[in-house]
Amino acid sequence: MFSFLQRIFTEYLVKFSLLCVNIDVVFGMANDRLRALEDVEKEIALVLQSAGTIVLELSKEKANASLLDRQLNQFQTSINRVESELSAQIRYLTQVATGQPHEGSTYSARKDCQMALNRAEYARVKLGELGRTCEIMLDPQT
C-alpha cells in the first residue's frame, strides 16, 4: 500500500514539476519584453546620434548631401522602429491593465505552482513518516 501511495505521489510531483517548467517558459516571455525595451533604448541612442550628425553636417558651410541622406534614412528607420515597439508595449500594458487575459503574467501561476510543490513536499514527508510507522508496526521482530 505504501509503495502504491508513493508511486501516485511521485506521478503528481512530476506533473507539478512540468507545470513549473511551463511557467518558466511563460516567464521567459516577460524577459523578452524587457529585452525589447532595452533594444528600444539602443535604438533611441541611434536616433540621437543620427540627429547629432545631421545637425553637425548642416552647420558646415558645404554639407555632404550623401551623408545627410544616409543619416536621415537612419534617423527615420530608427524612429519608426522605436514608435512601432513602444506602440506594441503600450498595447500590451493596456491589455494587462484592463485585466484581459495575457501571456506575460506569471505571478499567479508561479505562486500556485510553488504552493502545490510545498504541499507535495509536505505530503511526501508525511507519507515517509507513515511508511516508517507501518514498517515498525508490521515488523515481526518487535
Side-chain angles (χ1 to χ4, degrees), residues 1-139 142:
M1 167 111 173
F2 176 69
S3 62
F4 172 73
L5 290 175
Q6 194 172 23
R7 185 174 50 85
I8 290 175
F9 171 75
T10 303
E11 288 174 7
Y12 280 112
L13 191 58
V14 168
K15 289 178 184 178
F16 285 134
S17 297
L18 290 174
L19 174 65
C20 288
V21 168
N22 289 336
I23 290 171
D24 286 339
V25 168
V26 172
F27 189 65
M29 285 190 254
N31 288 338
D32 291 343
R33 291 209 169 272
L34 290 175
R35 277 191 285 283
L37 287 173
E38 288 173 358
D39 291 343
V40 166
E41 186 178 11
K42 291 174 187 172
E43 202 68 43
I44 290 171
L46 287 175
V47 166
L48 293 174
Q49 184 180 8
S50 295
T53 303
I54 290 170
V55 169
L56 182 64
E57 193 62 30
L58 288 174
S59 68
K60 296 180 181 176
E61 284 188 36
K62 182 154 171 80
N64 183 343
S66 64
L67 176 63
L68 283 173
D69 283 341
R70 281 194 314 268
Q71 290 300 311
L72 183 58
N73 285 335
Q74 170 83 30
F75 179 83
Q76 290 172 331
T77 302
S78 294
I79 285 288
N80 289 336
R81 283 189 208 135
V82 167
E83 182 180 10
S84 173
E85 184 57 39
L86 288 179
S87 294
Q89 292 285 341
I90 290 170
R91 278 191 306 277
Y92 170 76
L93 290 174
T94 301
Q95 184 181 17
V96 172
T98 58
Q100 296 177 4
H102 58 284
E103 78 282 353
S105 178
T106 61
Y107 176 75
S108 178
R110 288 180 71 82
K111 181 180 172 190
D112 291 344
C113 180
Q114 187 60 49
M115 293 301 293
L117 287 172
N118 289 344
R119 287 189 302 271
E121 178 63 21
Y122 178 77
R124 187 186 67 75
V125 167
K126 289 300 180 184
L127 281 173
E129 290 173 3
L130 178 64
R132 284 188 293 281
T133 303
C134 288
E135 287 172 359
I136 290 170
M137 291 177 72
L138 296 175
D139 190 13
T142 51

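Numbers here are sequence positions counted from 1.
The closest side-chain heavy-atom distance from Asp39 to Glu85 is not below 4.5 Å. Residues Glu41 and Leu37 are not in side-chain contact: their nearest non-hydrogen atoms beyond the backbone lie 4.5 Å or more apart. The shortest distance between side-chain heavy atoms of Ile79 and Phe75 falls below 4.5 Å.
Note: Leu46 CG to Gln71 CD = 9.5 Å, rounded to the nearest 0.5 Å. Atom CZ of residue Arg91 and atom CG of residue Leu86 lie 10.5 Å apart, to the nearest 0.5 angstrom. In this structure, the separation between CG on Leu67 and CG on Leu56 is 9.0 Å, given to the nearest 0.5 Å. To the nearest 0.5 Å, atoms CG (Asp69) and CG (Asn64) are separated by 9.0 Å. Between the CD atom of Glu43 and the CG atom of Leu48 there is a distance of 11.0 Å, given to the nearest 0.5 Å. Note that CD1 of Ile44 and CZ of Arg81 are 13.0 Å apart. Values are rounded to the nearest 0.5 Å.
The closest donor-acceptor contact from the side chain of Ser84 to the backbone of Asn80 lies at 3.5 Å or more, if one exists at all.
Salt bridge Glu38/Arg35: absent, no basic N to carboxylate O contact under 4.0 Å.
For the pair Leu68 and Ile54, the tightest heavy-atom approach, listed with the atom from each and the gap, is CD2-O, 3.9 Å.
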